[in-house]
Amino acid sequence: GRPDGADFGEQAKAQVEAAMRGGMSASDCEHALKNKTGNTHERLGVPANPTSSPSSSSSSSSSSQQKQSNNNNNNQQAAQQINFQVEHKDYNMDSLISSQGGISGGEGGIAEWMLNKIVDAEPGCTRSFMHRYYAVADLLEEGLGAQDDEAAFAGIFIWLRFCALRQLVWNKNYNIKPREISQAQERLTNLFQDTFRSKPHRRELARLC
């Protein structure tokens, strides 16, 4: 080594590599060589003649592969144990479709009277969501009591879908308190919930709305 304790050559290179394999970063090695005294291996805290033969490297690689293989086997065994504990059920499309509340497919025709009421109510609904929710709730209560309730309910559903697609004006120069919008929304939501519970034959439309 040199008088200042700095070693150069292949041995010093092997010592630095051994230190980095032991967990030291390049900056840690640089800091140790710059600020500590002694030979390179003393500064880095590694043996003077570290072994870096291909055999040791291959043995280390094989041991890591063996460890990874053991971990994979353990994970597979754990997954199998969980799989045995879970009760699997077979579902088909028939079991996923509700047995009640399906739409009849248009046999009820079109409720023109409901569509006319919706057209008349729309100008007032452009002021705010509070006005729209209250109007929808009023027309829904009227439509559910009609003889052609399915067609009336379908008209309200289309009306709400146009609103959701922003084809209708949501708010037009009208200030409203958030709590008032919440109250109107709660009334309409409760009405849909009551319809779903009390009118099983209209559940599909209630769910869509």
Side-chain angles (χ1 to χ4, degrees), residues 68 71-209:
Q68 181 67 28
N71 291 335
N72 292 336
N73 293 334
N74 293 335
N75 292 336
Q76 291 177 357
Q77 292 176 359
Q80 290 176 355
Q81 292 175 358
I82 295 175
N83 191 33
F84 289 138
Q85 295 173 3
V86 175
E87 180 181 358
H88 294 279
K89 294 183 178 180
D90 294 329
Y91 292 99
N92 53 36
M93 289 302 298
D94 293 335
S95 64
L96 297 177
I97 297 175
S98 174
S99 60
Q100 290 181 312
I103 302 174
S104 65
E107 288 81 355
I110 299 174
E112 293 186 6
W113 64 271
M114 175 59 74
L115 300 183
N116 292 331
K117 286 180 176 292
I118 291 174
V119 171
D120 294 338
E122 179 57 31
C125 295
T126 60
R127 287 184 287 178
S128 72
F129 274 126
M130 182 194 74
H131 296 82
R132 184 173 298 280
Y133 291 150
Y134 277 134
V136 173
D138 292 339
L139 291 182
L140 182 60
E141 289 179 340
E142 185 177 355
L144 291 175
Q147 185 175 359
D148 54 347
D149 59 339
E150 182 183 52
F153 207 161
I156 292 175
F157 160 67
I158 295 173
W159 184 26
L160 291 174
R161 182 54 58 92
F162 270 107
C163 178
L165 294 174
R166 295 195 174 191
Q167 300 301 308
L168 304 176
V169 178
W170 283 5
N171 188 289
K172 187 167 131 182
N173 299 326
Y174 197 93
N175 294 325
I176 196 72
K177 299 181 182 67
R179 63 180 176 83
E180 295 176 341
I181 298 178
S182 299
Q183 290 174 355
Q185 185 181 26
E186 183 179 9
R187 179 197 169 194
L188 181 58
T189 302
N190 291 336
L191 185 57
F192 283 132
Q193 291 176 346
D194 294 339
T195 302
F196 191 90
R197 286 196 300 263
S198 61
K199 295 182 179 294
H201 57 294
R202 296 292 172 255
R203 284 181 177 176
E204 184 68 12
L205 282 168
R207 183 186 64 82
L208 291 173
C209 289

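This chain uses plain numbering: 1 for the first residue, then up along the sequence. Computed over heavy atoms, backbone and side chain alike; hydrogens, waters and symmetry mates excluded.
The two residues Asp149 and Leu144 come nearest to each other via the heavy atoms CB-O, 3.9 Å. Pairing each heavy atom of Ala206 with each of Thr195, the nearest pair is CB-CG2, 4.5 Å. Met130 and Ala184 make their closest contact through O-CB, 3.8 Å (heavy atoms, listed as atom of the first residue, atom of the second, distance). Taking both residues in full, the closest heavy atoms of Ala111 and Ala152 are given as CB-N, 3.7 Å, listed atom of the first, atom of the second, then distance. Of all heavy-atom pairs spanning Trp170 and Cys163, the tightest one is NE1-O, 2.9 Å. For Gly155 against Leu115, the heavy-atom pair with the smallest separation is CA-CD2, 4.2 Å.
For the pair Lys117 and Glu122, the salt-bridge criterion is not met [side-chain N within less than 4.0 Å of a carboxylate O].
Atoms CG and CD1, on Leu140 and Ile156 in that order, are 4.5 Å from each other to the nearest 0.5 Å. The NZ atom of Lys177 lies 10.5 Å from the CD atom of Gln183; values are rounded to the nearest 0.5 Å. To the nearest 0.5 Å, the span separating CG on Asp194 from CD on Glu141 amounts to 9.5 Å. Taken from NZ in Lys199 to CD in Glu150, the straight-line distance is 12.5 Å, to the nearest 0.5 Å. To the nearest 0.5 Å, atoms CZ (Phe153) and CD1 (Ile158) are separated by 12.5 Å. Put simply, OG on Ser128 and CD on Glu180 are 8.5 Å apart, with the number rounded to the nearest 0.5 Å.
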Task: Evaluation steps, side-chain contact (heavy atoms from CB on, under 4.5 Å), between Arg187 and Asp138 - done: CA-CA 10 Å; Arg187 179 197 169 194; Asp138 292 339; 2.7 Å; yes

TODO: Go through Phe157 and Glu204 one step at a time and tell me if the side-chain contact (heavy atoms from CB on, under 4.5 Å) criterion holds.
DONE: CA-CA 11 Å; Phe157 160 67; Glu204 184 68 12; over 6 Å; no

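A 4.5 Å side-chain heavy-atom check between Ile118 and Leu139 finds at least one atom pair inside the cut-off. Under the 4.5 Å side-chain criterion, counting only non-hydrogen atoms from C-beta, Leu188 is not in contact with Tyr134. Between Arg132 and Leu168 the shortest side-chain heavy-atom distance falls below 4.5 Å.
Cation-pi geometry between Arg127 and Tyr174 is met: under 6.0 angstrom from the ring centre, within 45 degrees of the axis. Trp159 does not carry Arg161 over the face of its six-membered ring by the limits of under 6.0 Å from the centre and within 45° of the normal.
Other residues, nucleotides and ligands contribute only 12 or fewer heavy atoms inside 6.0 Å of the CD atom of Glu112.
For Tyr133, the ring pair (Phe, Tyr, Trp, His ring centres under 6.0 Å) partners two or more places apart in sequence, or in a different chain, are Phe129.
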